Amino acid sequence: MQTTHDSLSLLTGENADPLKGGLSEVHPSTERKKKTPHQSGWVRGHHKDGGGYTKEMPKYITAGAFARARAAEVSAMLKAVRKTTSSSHVFEALPKHMRRRAMSHNTKRLPHRLREVANRMREKSLQARRRHGNLLLEFNRRQRKNIWLETHIWHAKRFHMVKKWGYCLGDRPTYKCYRACYRAMSSHCLLQDLSYYCCIELQGDEDKLLAALSQLTSKEAGPTFAAALCLSGRRQGSVMVYRAGRYPSQPLGPVTFLWRPRTQGSVHRQLWIWAHPTLKQDLLPELQTVCQCCEAVIPPAAPVEVNPTLEADSEPENTPEAKPVPGTKRKRSRKDATGPPAKKILGDGTRLPSTPVSWRSSSNGIVINDLTMEIVRYRLIGPQSHSVLVDTLEAATGCDVRTTCSLWWPQHCSDEAKMTLHQQQADIFNILKGIYSTAELPSGTVLGLTVDDPRLTLPRKRVKALPCVKQVDEEKRRKLMLEGVPEPCCQSFIWEQSVRDNVTDNKISEQELNRMRSEVLVPGSRLSPTPLQGRVPILLVHQPGKQVGHEMSSWGAGWDLLLPKGWGMAFWIPLVYRGVRIGGLNMSLKHSQNKAAPHFPRDYPDCPAGMCFQEEQEAELLDKFKRHPPAKRTNYIKHGCVAPFRCPWQQLAEEWEIIVQEGGSQARTTAQADAVTEERTSQQAISITKPLSRFTVLRNRKALRLLSAWCRPTTSKGQRPCRVGELPPISCEAVTSFLSAHAMSLVWVHVSLLSKGKPEYHAMLCVPTPEDLKALGNRQGTGGPQEPPHRDHFKSRIKRRKKEPKKASSSDLVLGLWPDPLPSVASHCSRVTVGWVTQGDFSMSAGCGEALGFVSVAGLLNTLLNQTSEHKGKLLLRNPTSLHYRFAKINVEV
Amino acid sequence: MTEPRNPSMSSIPQTGPAHTDSSSPAVEMDPVEYTLRKRLPRKLPKRRNDVYVNMKTDFRAQLARCQKLLEGGGHREICVHGLGLAINRAINIALQLQASSQGALQLAANTSTVELVDDLEPEDPDEAGEPMTRTRNNSAIHIKVFYPDPQ
């Protein structure tokens with residue numbers, strides 16, 4: 001009604017000022033119009049001097065129609081005027097001179113007409129907000145967009161949280177613990193919550209599953225889903241997944257997988273595939289294609305029609321959820337007040353109820369289930385992680401209740417076969433006490449177990465779990481170390497949906513547990529009959545440590561603990577009480593860096609997730625760069641760094657392809673030769689880029705082994721050469737045939753600096769000239785050569801643009817960065833670039849700067865061919881913000 | 001010194017039956033089929049006066065560490081352990097310690113055999129079936145370096 005009233009007041013006449021206060025400020029043109037001599041009527045639309053349209057003046061105006069025609073405009077105008085600034089305080093609608101101190105606290109300081117609104121808007125007291133139901137509602141609202149893990153609140157109190165991949169994850173702790181975490185990884189135990197990893201379950205006949213999955217992998221890149229030991233369910237396997245039948249060219253990413261051990265006389269198998277959340281959205285459609293599973297099984301509770309195409313990605317970030325509108329919280333809470341706010345058990349609440357999580361194939365009977373957030377996964381890294389586990393967990397005690405009860409454990413206790421199996425598993429778990437280091441076990445071992453609720457044995461103070469090498473049966477220990485866990489003991493009831501649900505539903509709440517504790521006669525003693533609900537099926541999976549390279553072997557080995565959902569905190573706190581360190585996302589990056597393993601998605605530039613990551617990282621770094629004042633920025637052009645925020649792998653691979661084609665066998669590492677090719681490449685790049693395919697990362701095991709031998713592997717800092725098997729020596733013919741097989745490819749290398757220096761990400765790996773190597777041999781120039789500073793030709797252009805601000809033609813020019821069509825990346829500097837570093841830091845395990853990155857295979861082979869045997873594999877490394885080259889030794893590690 | 005054979009520190013994936021010191025009956029294998037991966041030797045709890053000698057750390061640094069333990073650390077005796085290639089170095093360290101103490105220190109050497117575990121991973125896991133694990137033995141030395149009791 002307000003609107004119509006105002007619009008009518010517009011009509012009342014010229015002398016009445018229709019727009020009071022703020023309105024006249026917004027539209028000064030309306031006022032000006034009034035003063036023109038021709039102003040005799042109200043005319044809509046644009047007109048010059050008001051003259052053109054005044055000829056046909058309406059004789060009369062129908063107020064209703066007139067107002068209706070303008071209602072939209074007026075309301076838009078009023079809305080613009082009334083709109084307050086970002087926050088929704090009432091007093092922001094007031095002009096400045098009417099504002100008073102502490103208005104939000106004391107509403108009586110507001111004008112009377114606003115008081116009521118303000119009272120309604122006032123936040124509830126902290127106590128009211130902290131009331132349990134309200135708090136849960138608030139929590140549910142806050143995790144609508146980004147899922148919380150079960151340990152979220154624990155982490156949020158202690159960690160810098162980041163919103164990534166649709167989850168809220170702890171990045172790094174707020175306290176200083178970088179070194180402490182490293183020490184924990186190398187000598188005790190570091191704990192991480194990896195529940196954000198997505199689990200996809202496949203069920204079906206073994207041969208059909210294998211036939212379907214074999215399209216996704218290749219034997220050339222290592223063991224596949226069909227590896228005998230993994231297939232038996234005794235080991236966890238890891239594999240690189242490609243798009244169906246596109247082995248070298250279209251990789252998706254790495255996954256780990258776990259087969260459920262066979263049950264007697266059944267070909268029906270169950271397989272869990274664990275993938276990173278960014279990989280899942282690519283992997284799930286691919287799995288559906290190869291398994292021909294397109295029929296979405298609609299969850300029975302939701303009779304809503306679902307669109308199968310939309311359901312292909314049930315990735316939580318893609319769920320079509322309404323954006324939370326500010327102010328809707330109140331309405332929702334009032335609506336929900338009818339029923340008690342239910343606590344979300346994660347996994348249920350995070351996806352729409354109508355979203356299917358299961359797909360069935362009509363042709364081959366394979367069923368795909370999406371078990372995201374159904375299983376909690378904790379990772380313990382470090383040589384003592386098994387002692388932490390042994391300390392925390394206790395094999396479930398049996399019970400002789402013969403009553404029929406809905407809990408799963410009493411039912412299992414009545415079955416003799418299941419109890420013997422449980423006894424065997426418990427025995428093996430106890431053998432773990434006799435082991436000193438986690439790395440002694442065969443990598444990837446799986447152990448199923450049922451344990452008591454660990455909250456019951458919580459120590460009163462935080463203690464450090466230390467190994468006490470007990471005198472366990474030597475023969476059994478030896479058997480476990482040599483052969484791993486026997487196949488039946490890998491079975492766990494966590495594989496069964498019904499048991500998982502039962503355990504999750506019947507968990508004793510913390511409150512109830514405390515009540516039971518308070519009723520114990522001797523305070524602090526253990527609850528004597530363990531409550532029946534406190535038996536949890538778990539799965540322990542051994543994680544191999546460093547497997548490549550010659551040093552620090554099996555560093556960072558550990559155990560993964562898989563739990564049914566809902567039990568996350570019940571296991572987390574007891575683990576923390578055993579003196580483990582907690583790591584966040586950045587520690588998992590450091591972990592993989594010390595293991596010299598590529599970290600997904602950062603180090604998979606050929607995968608869709610890796611490309612996505614690279615773009616995000618570039619935007620982030622560029623944003624950070626632009627936040628500095630121009631005078632304080634690094635001028636990357638002067639440093640000769642073409643792409644400081646992103647590695648143009650494709651361009652690098654293409655350029656090296658051309659260099660090799662042109663050069664043939666001719667040596668082309670000197671800068672002069674490349675200065676010539678630079679022009680040629682830039683011309684030819686346009687014509688040749690078309691037929692060239694996309695770059696790939698070399699993952700063929702045989703080729704990698706050959707390359708590794710050609711690099712002449714040494715220990716870090718290049719001290720001692722390592723022995724390699726008998727492989728063909730490097731020669732022109734061998735290189736040519738190698739390159740023809742693996743054109744346009746990059747290879748993952750491990751770089752260790754020979755002298756000082758700390759590599760950073762996106763540092764360049766360059767080819768040393770013969771003079772550099774000579775200087776290195778003479779021990780004169782051990783510091784490494786210098787890059788002459790480059791000239792910044794764009795600076796003048798930017799200055800010119802500043803003078804003429806009208807012409808914003810080249811708006812993408814940023815001071816210190818190359819504009820978009822990059823020049824030749826390989827031969828931009830005095831030393832030819834062959835690759836870039838993706839992770840680099842001072843390595844505390846090697847005691848020198850170490851980096852991991854990719855180099856072009858063509859470039860690397862060309863370099864190796866021209867190097868003498870004593871300097872084989874020596875490259876130069878230069879940080880983007882420095883002009884100083886450092887000598888480094890590269891190793892290809894298989 | 002062409003290869004860091006100290007098993008406590010290194011593992012060399014290599015092809016072929018490179019190590020013939022395997023105590024187990026020789027496993028028939030094709031040189032291309034398997035990758036050898038050595039597991040770390042079994043570790044035992046370490047006291048403060050135990051020194052495990054390796055081939056990676058500088059010799060002088062390890063010697064200095066032992067001297068510090070004996071002089072500054074207040075230990076009456078230390079135990080120097082060496083395995084495989086490091087036996088030589090362990091003996092050297094012990095002898096150097098004795099020489100530099102002008103006869104005040106005494107040595108007592110013990111030898112032992114340590115069982116090591118190797119994993120043989122098939123290159124083509126689908127056909128080859130089970131990866132093999134084998135054990136082999138390696139020699140170790142434990143030298144007690146101590147000040148003899150005054151009586």
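Source: prediction; values computed, not measured. Throughout, protein chains are lettered first and strands after them, A, B, ... in sequence-line order, and every chain is numbered starting at 1.
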side-chain contact (heavy atoms from CB on, under 4.5 Å) against A:Q543, all qualifying residues, sequence neighbours excluded: A:Q236, A:R377, A:R379, A:V541, A:D560
At their closest point, which heavy atom of B:T133 faces which heavy atom of A:L482, and how far apart are they? OG1-O, 3.2 Å
Max heavy-atom pairs within cutoff under 4.5 Å with chain B, candidates A:E483, A:R478, A:R701, goes to A:R478
Top contributor to chain B interface from A:K546, A:M481, A:E893, A:R235 [non-hydrogen pairs under 4.5 Å]: A:M481
Does any heavy atom of chain B fall under 4.5 Å from the side chain of A:P442, the backbone, both, or neither of them? both
Going by the rule side-chain contact (heavy atoms from CB on, under 4.5 Å), which residues pair with A:L432 if we only count those two or more places apart in sequence or in a different chain? A:V390, A:F429, A:I435, A:L441, A:L480, A:W559
